[in-house]
Amino acid sequence: MTANAPGPEEVRKGTFRFPQRHFLSVFDLERPDVERLLDLAEGFVALNRQKAKKLDLLKGHTLINLFFEASTRTQSSFELAGKRLGADVVNMNPRTSSVAKGETLIDTAVTLNAMHPDILVVRHGASGAASLLSQKVSCSVVNAGDGQHEHPSQALLDALSLKRAFGRVEGLTVAICGDVLHSRVARSNVGMLGLLGARVRLVGPPTLIPSGADRWGVEIAHDLRTGLAGADVVMMLRLQLERMEGALVPSLREYFRLWGLDREKLARAAPHVRVMHPGPMNRGVEIDSDVADDLSVSLIQDQVEMGVAARMAILASMAARLDNG
Amino acid sequence: MSPRPLAFFNARLVDPASRYDGPGALVVSNGRISHLVKGAEGLEGLSDEVLQIDAAGAMLAPGLVDLRVKTGEPGNEPKETLKSASLAAAAGGVTSIVVQPDTQPVADDPSVVDFVFRRARDIQLVHVYPAGAATKGLAGQVMAEIGLMREAGCVYVTNVDRPIVDSKVMRRLLAYAGGLGLLVSHRPVDPWLTAGASATESEFAGRAGLAGAPVVAEQIMLERDVALAELTGARLLADQVSAACALETLARAKARGVPILASCSINHLTFNELDIGDYRTFWKLDPPLRSEDDRQALIDAVRSGLVDIIVSAHCPAPAEDKRLPFDEAAAGSVGLETLLPALLTLHHEGRIPLIDLVRAVTLAPAEAIGLKAGRLAVGAPADLVLCDLGVPRLIDAERLTSKSKNSAFDGRRLQGQVRMTVVEGRVVYEG
């Protein structure tokens, strides 16, 4: 692949002007925009594997990472993406810094806005927080996860991983399994995979499937074996242990027994099945290490690599909009 | 000094007590309605002292009686004071308000009830009646001094938004208040099903990632309340019914003759959950907005009389409590000034006859708490609203009188402009 990797100039030509000021929800996207983002991201994947990976597409732009919730991979992924594109990247950590002591989300946003950043990457524990912020600042806002609502850059990197593994997303049967109720990854993927023409199945106990999900244009299964039958892709979700107030499942061992992905259950899926997980994994809860670490099956490492490329594609196309007004 | 007598002519009188909706004229003197003409003939032999007002066909109806108003006084005056709420009420044609006891301190004691009465008397705008807390500190455990509060002037008791979970407490409260002839108002809501929720459980809430509670949370508690009302024979007001399934419970209870009344808020007659849209916190309400099917069922229930009373559910919240992510924002909307024009939407759309709408905000709430207001009759208190029914308006929350501007009607196009509000013969508002 390295042999015919595109050079920085070719990648630069592939950038396009993102149609919206903000990147908040996959439901704001049109399919052609997603296809172009994926093409662009593929170029970045190749570039990222080269020694000289630095571009100047975001030169002179400031990117602020504003993470109200802890995150290792998403925050570092956006940070690397921004730096590789030449942006000045600042990580704000409102949980420990004095910025947000006693301040509301909006106070913080207004404070940061006065520093004239170009792109604000936000993660917050409340659904709709990124949207609220976008209404109060003059820069572009990228939603890096808002409560139980959406995580659109994750859906883009998942689509990128699938496209590279299968050559297409259209027509794939994707089983999204586990704690759908608390998962913003699941909501964004339902939208993204639907947009790209995949068949989506939500699999989990009724207490972890949102009410009304039967009208999301997906299939629903309340048994993992049935749900996995013939699936091309199994997307395991992290059981949100920190959000398990109210005992939605009786115990972790029961959860692993009924809903944890192991070899035996995975055998129900298509022979060429690939397994994904947005991380961080609860090994032995929703996924057996035996499956997670098998590189012939697992795309989990690829997802991390694709994360940087997908976020570079998002930032580059947003910068193209900034540069062209 | 009593104010100058008033005479309204060329009016469209709407009186739910006599079910009269037609042309007429009316004279006010010494704080009461002294003369009433139903029909096209005018008033004759008026002295020069009388101020004559040509209604030019506008509706003249009893002033509105709003059973569910929150202010911030005492304890949280930046939100709303009794005075600012009274001004908002006057501007909205509301002549009697019942203020909720969830103040600081809680009105669970006759001294707080007395304080509210004295403050309102000094303000001299609209009638302000306190509701007393049903339980001490609204904690739902020990009955408050409801007999003493009644002597001090409270018109009903309520636990406001916090349901009385302990059925034994609720039973005793109903029995005891019933013995005093005092109405008990209770919000039917199961606190366990609704814990942590900020929206109605639905496809919309699921997609938006908002924690939702199922509508049966309302029905479950209402079933219990109905059973206890039947057991004790006490009068109960089901406060702000909003779900179609709860209306079925209510219909069965009324058919059996259980002494139950029900109210709903104008918000739930106007909006559905989709108005929340992009996490707009002005539409975060308690109870949360429901589905369109629920809203339609609620409109039908008002038309059929199953729901007796409509309230504004006036709930001021300052900007800093609303400018937050949806789950963290305060619930509630101000509503005193928009209650009447919003109600008229249902008239203009031909959904509910005007006289039935007027009844639900005048006579029905007045009778529920034993007021003589709410009717156009000789000798009745001269609490009146004169309203141009057809005048179009674009509601701008920033221009509302309330200290807090959290109006779910912000940006809404409504019809109906209050021209004059009269309380005991005094003009308290002219628009």
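In the text below, chain A, chain B and the rest are named by the order of the sequence lines, each starting its count at 1.
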Quiz item: Of all heavy-atom pairs between Arg207(B) and Arg187(A), which one has the smallest distance, and what is that distance?
Solution: O-CD, 3.6 Å
Quiz item: Counting heavy-atom pairs under 4.5 Å to chain B, which of Lys136(A), Gln135(A), Arg215(A) comes out on top?
Solution: Arg215(A)
Exercise. Rounded to the nearest 0.5 Å, what's the gap from CG on Asp278(B) to OG on Ser25(A)? Could you check?
Key: 9.0 Å
Quiz item: Rounded to the nearest 0.5 Å, how far apart are NE2 of His149(A) and CG of Asp327(B)?
Solution: 11.5 Å
Quiz item: Around Arg252(B), counting heavy atoms of other residues, nucleotides and ligands shown, do more than 12 lie under 6.0 Å from its CZ?
Solution: yes
Self-check item: Inter-residue atom distance Arg323(B).CZ - Leu132(A).CG, 0.5 Å rounding
Solution: 8.5 Å
Quiz item: Which one of Ser131(A), Pro210(A), Ala129(A), Gly128(A) has the most heavy-atom pairs closer than 4.5 Å to chain B?
Solution: Gly128(A)
Self-check item: Nearest heavy atoms of Ser127(A) and Gly209(B), plus distance in Å
Solution: OG-O, 2.5 Å
Quiz prompt | Nearest heavy-atom neighbours spanning Ala126(A) and Pro325(B) | solution = CB-CB, 3.2 Å
Exercise. Kindly check if the number of other-residue, nucleotide or ligand heavy atoms within 6.0 Å of CZ (Arg393(B)) is above 12?
Key: yes
Exercise. Sort Glu150(A) into side chain, backbone, both or neither according to what part of it lies under 4.5 angstrom from a heavy atom of chain B.
Key: neither
